Chemist: 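Supplied in structure tokens, the structure appears directly below.
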Amino acid sequence: MASFSLILIRLSLVAVLLTASFCQLKAIGVREAVDDAVGEQREFDYFNFALQWPGTQCKNTRHCCPSNGCCRGSNAPTEFTIHGLWPDYNDGTWPSCCKKSKFDEKEISTLLDALEKYWPSYRCGSTSTCYSGEGLFWAHEWEKHGTCSFPVVRDEYSYFSTTLNLYFKYNVTRVLNEAGYLPSNTEKYPLGGIVSAIQNAFHATPKLDCSKGAVNELHLCFYKDFKPRDCIIERSPENDNYFSSSSCPKFVSLPVYMSSGVDDATAAIPWILENEPL
Ligand code: U2P
């Protein structure tokens, strides 16, 4: 009888030990699955190429520093510049911070001149990144969006060179200028006319965003093979249920860039604020 009880106790001990190790294994498995889920978001559906209009971006510049594109005086941008190439989903959402790939400026050293000119930041200070803490505007765009453009764009260099190539191939500023939409602080242009000019040139519908009636951003959209496609537009009754632009009225302005009065941004500027958030 005593030996029978001993066997029972031993069996229970083995059962307890087995259950404990099973639970431990399961816990590890769950943590790994969660980690995997963070790294592996569903593949994106299309590219949203976001361009910024400097005249609007620089209207409210209060802080200057060498890295702020608004503070370049006569060298400031006068054409649309790049905000980012964003892999998006058709349902209006987007993946972000997909692969743990820290931004490394050395990888794009040959592109830096072009990036300074065509992909400037319009803020002072650093911006949050997914993996490098605070960093450059480019670090933010690569880590948040670029890492999600896999498998079409596979590395940092390709992300920036592909985006620059798109920028040169689809020259939105030239199309608008040729259609008579020139930067002006007095004119208002029909939103429908601007959209039509882009549609005629690229055979796809862009999306515009405005700030206080001024064009702030213009987005072009592309299939994964970089053929133009329509952007996803939230239709609004104010715009005759036609051209979206969540934030644009029927008539919009394209403000002229106004220099912040600083020709040499490295000169003594009393209001440098390096940590202004994006
Ligand atoms: O539109 C406001 C901010 O939301 C982010 N955004 C918007 C649309 C989209 O398709 N993907 C996307 O990320 C942008 O954030 P950012 O890249 O500037 O961090 C945009 O500024």
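Only a predicted model underlies this, so the values are computations on that prediction, with no experimental measurement involved. Both ligands and their constituent atoms are indexed starting at 1 by order of listing. Side chains included, hydrogens not; waters and symmetry mates left out as well; all remaining heavy atoms used.
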Chemist: For the residue pair H145 and H140, categorise the inter-ring angle as parallel (less than 30°), tilted (30 to 60°) or perpendicular (more than 60°).
Modeler: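 Ring orientation of H145 relative to H140: perpendicular.
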
Chemist: Measuring centre to centre across the rings, with the benzene-like ring taken for any Trp, is Y167 within less than 6.0 Å of W119?
Modeler: no

Chemist: Can you tell me if H140 has a non-hydrogen atom under 4.0 Å from ligand 1?
Modeler: yes

Chemist: Ignoring hydrogens, just give me the one of H145, Q52, H83 whose non-hydrogen atom is nearest atom 17 (O) of ligand 1.
Modeler: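 It is H145 that holds the nearest heavy atom.
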
Chemist: Is it the case that more than 12 heavy atoms not belonging to N90 sit under 6.0 Å from its CG atom?
Modeler: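 Atom CG in N90 is packed in, count exceeds 12.
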
Chemist: For ligand 1, which atoms have a heavy atom of N48 less than 4.0 angstrom away?
Modeler: 10 (O)

Chemist: Out of F47, F44, W94, who gets a non-hydrogen atom closest to atom 5 (C) of ligand 1?
Modeler: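 It is W94 that holds the nearest heavy atom.
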
Chemist: Which ligand 1 atoms does E141 reach within 4.0 Å, using its non-hydrogen atoms?
Modeler: 16 (P), 17 (O), 18 (O)

Chemist: When you measure from the heavy atoms of E217 to every atom of ligand 1, does any distance fall below 4.0 Å?
Modeler: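 No, E217 has no heavy atoms under 4.0 Å from ligand 1.
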
Chemist: How far apart are the C-alpha atoms of T147 and Y131, what are their side-chain angles, what is the distance that settles it, and do they pass the side-chain hydrogen bond (donor to acceptor under 3.5 Å, both in side chains) test?
Modeler: CA-CA 11 Å; T147 60; Y131 312 114; 4.8 Å; no

Chemist: Check Y170, F47, Y46, F202 against F222 for a ring pair (Phe, Tyr, Trp, His ring centres under 6.0 Å) and give me the one that passes.
Modeler: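 It is Y170, the one option of Y170, F47, Y46, F202 that forms the ring pair (Phe, Tyr, Trp, His ring centres under 6.0 Å) with F222.
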
